[in-house]
Structures are given as structure tokens and as C-alpha cells.
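Computed from heavy atoms alone, side chains included, the values below leave out hydrogens, waters and symmetry copies.
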Amino acid sequence: MIDISLNNDIIVTDRLMAGIQELDILFNTSPAEMIGNATYGVNFLQFLWQLTPNESTIERYIREKIQANTFYVKQLAYELSVKTDYLEGELYYIINITLTESYYNDGDGVSKQYVIKS
């Protein structure tokens, strides 16, 4: 597996880092922004404007997007948690994702945190 890196390294050869890169691309793309695939991307604004925050709904939404739009992440084991927080009256969703090679792997995984706000 070889991929061109979006960050510091020139080439990504690790499946975990390729998975994190996939998540970065997915979470930073709005639906209909990718030409030829109108369903690719996420719409987190719909969750920010709800009157009652619902962490389980956004977690289910993220899992569906991962299954539909990723190659590496859905092959890896991942733990996903979504929490809400308020800062100066503004709602934030804090999304933590940890990727590992398998559920039974005692090795270290790669973690990434995304903060979604309006």
C-alpha cells in the first residue's frame, strides 16, 4: 500500500496513517463538493443546529459515512466516541477516533480528535 501524503511525509505506507488521512479528507469535504460523487462528505451542520444534542445520532452518522466512503478505515478496527461541550454558549462536538490493526492487537493504535463547531 502506497499513497501520497497530505501532511508532512511525502508518501504514506502505513495502513493506520492512510486511514487517518482518509478520515481527514472525509471530514473536511461537504456533500456534493466532490465532482462525480454527490454522497461523499459529511454534513455536520445539521447536528450543530439541533435543539437537543444527540451524540448517538452523530456517532451512527459517522459510522455510516465510514462504511460508505472509506477503504482503509473500514478494514481496520476503530473505536469512535462523540461528546458534546459548550463554550460561551456555543455547542461543540468532540469526536475521538482510534484506529488499530485489529480488535485483538495489543499494539498501539493511532488516535485523532476532531472538533466540530459552527
Side-chain angles (χ1 to χ4, degrees):
M1 185 245 33
I2 296 177
D3 196 4
I4 297 173
S5 177
L6 298 177
N7 299 315
N8 299 336
D9 298 331
I10 296 172
I11 297 176
V12 174
T13 57
D14 179 49
R15 287 175 9 131
L16 294 174
M17 294 311 296
I20 292 294
Q21 184 165 288
E22 268 186 329
L23 291 173
D24 288 344
I25 293 168
L26 178 65
F27 286 1
N28 289 307
T29 303
S30 299
E33 193 172 37
M34 180 179 277
I35 296 173
N37 188 353
T39 63
Y40 185 86
V42 292
N43 178 14
F44 287 126
L45 285 178
Q46 65 181 324
F47 300 104
L48 291 169
W49 295 108
Q50 291 179 345
L51 294 176
T52 306
N54 192 336
E55 296 164 356
S56 62
T57 303
I58 193 169
E59 185 175 327
R60 185 172 49 250
Y61 177 77
I62 291 169
R63 288 185 189 279
E64 289 170 0
K65 288 296 186 175
I66 287 172
Q67 286 302 313
N69 296 302
T70 65
F71 178 77
Y72 296 110
V73 179
K74 67 182 174 185
Q75 293 178 11
L76 299 168
Y78 64 91
E79 292 181 24
L80 171 65
S81 69
V82 178
K83 296 182 180 179
T84 54
D85 197 7
Y86 288 93
L87 182 62
E88 298 177 7
E90 190 173 356
L91 173 68
Y92 290 82
Y93 282 102
I94 302 165
I95 301 165
N96 290 300
I97 298 177
T98 302
L99 301 177
T100 55
E101 287 290 336
S102 73
Y103 290 107
Y104 306 108
N105 189 356
D106 292 335
D108 292 331
V110 177
S111 296
K112 182 77 182 222
Q113 183 177 75
Y114 300 93
V115 178
I116 309 301
K117 60 182 180 176
S118 58

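Put simply, Ile94 and Val82 are part of two different groups of oily side chains (I, L, V, M, F, W, Y) that touch within less than 4.5 Å, one to the next. One hydrophobic cluster, built from ILVMFWY side chains closer than 4.5 Å, cannot hold both Leu48 and Leu87; they sit in different ones. Both Met34 and Leu45 belong to a common hydrophobic cluster when Ile, Leu, Val, Met, Phe, Trp and Tyr are linked at side-chain heavy-atom distances under 4.5 angstrom.
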Checklist entry - Would Arg63 and Leu80 satisfy side chain to side chain contact (heavy atoms under 4.5 Å, CB included), going step by step from the backbone distance to the final call? => result CA-CA 8 Å; Arg63 288 185 189 279; Leu80 171 65; 3.7 Å; yes
Item to check | Residue pair Glu101, Arg15: steps toward the salt bridge (charged side-chain N to carboxylate O under 4.0 Å, His left out) verdict | outcome: CA-CA 8 Å; Glu101 287 290 336; Arg15 287 175 9 131; 3.2 Å; yes
Checklist entry - Can you list the steps and then say if Leu26 with Tyr40 is a side chain to side chain contact (heavy atoms under 4.5 Å, CB included)? => result CA-CA 7 Å; Leu26 178 65; Tyr40 185 86; 3.8 Å; yes
Item to check | side chain to side chain contact (heavy atoms under 4.5 Å, CB included) evaluation trace for Ile62 with Phe44 | outcome: CA-CA 10 Å; Ile62 291 169; Phe44 287 126; 4.0 Å; yes
Item to check | Step-by-step side chain to side chain contact (heavy atoms under 4.5 Å, CB included) determination, Val115 to Tyr93 | outcome: CA-CA 6 Å; Val115 178; Tyr93 282 102; over 6 Å; no
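To the nearest 0.5 Å, the span separating CG on Asp14 from CD1 on Ile20 amounts to 10.0 Å. In this structure, the separation between NZ on Lys83 and CD on Gln113 is 9.5 Å, given to the nearest 0.5 Å. Of the inter-residue distances, the one linking Ser81 atom OG with Glu59 atom CD reads 7.5 Å to the nearest 0.5 angstrom. To the nearest 0.5 Å, atom NZ of residue Lys112 and atom CD of residue Gln21 are 10.0 Å apart. To the nearest 0.5 angstrom, Leu23 atom CG is 5.5 Å from Ile66 atom CD1. The line from CG of Leu76 to CD1 of Ile97 is 11.5 Å long, rounded to the nearest 0.5 Å.
Closest approach of Gln67 to Tyr78, counting heavy atoms only: NE2-OH, 4.0 Å. Between Pro53 and Tyr86, the closest heavy-atom pair is CG-OH, 3.2 Å. Heavy-atom minimum distance, Ser111 versus Thr98: OG-OG1, 3.0 Å. Heavy-atom minimum distance, Phe27 versus Ile95: CE2-CG2, 4.5 Å. Between Lys65 and Val42, the shortest heavy-atom distance links the atoms CG-CG1, 3.9 Å.
Salt bridge status for Glu90 with Lys117: absent, with no side-chain N to carboxylate O gap under 4.0 Å.
Checking side-chain atoms of Gln75 against main-chain N and O of Tyr72 turns up no donor-acceptor pair under 3.5 Å. Proximity of a side-chain donor or acceptor of Glu22 to a complementary backbone N or O of Phe71 within less than 3.5 Å is detected.
Here the side chains of Tyr92 and Thr84 are not in contact, with every heavy-atom distance at 4.5 Å or above.
At a cut-off of 3.5 Å, with distance as the only test, no side-chain donor of Asn96 or Tyr114 sits close to an acceptor on the other residue. Inspection of the Asn54 and Ser56 side chains reveals an N or O donor paired with an N or O acceptor under 3.5 Å.
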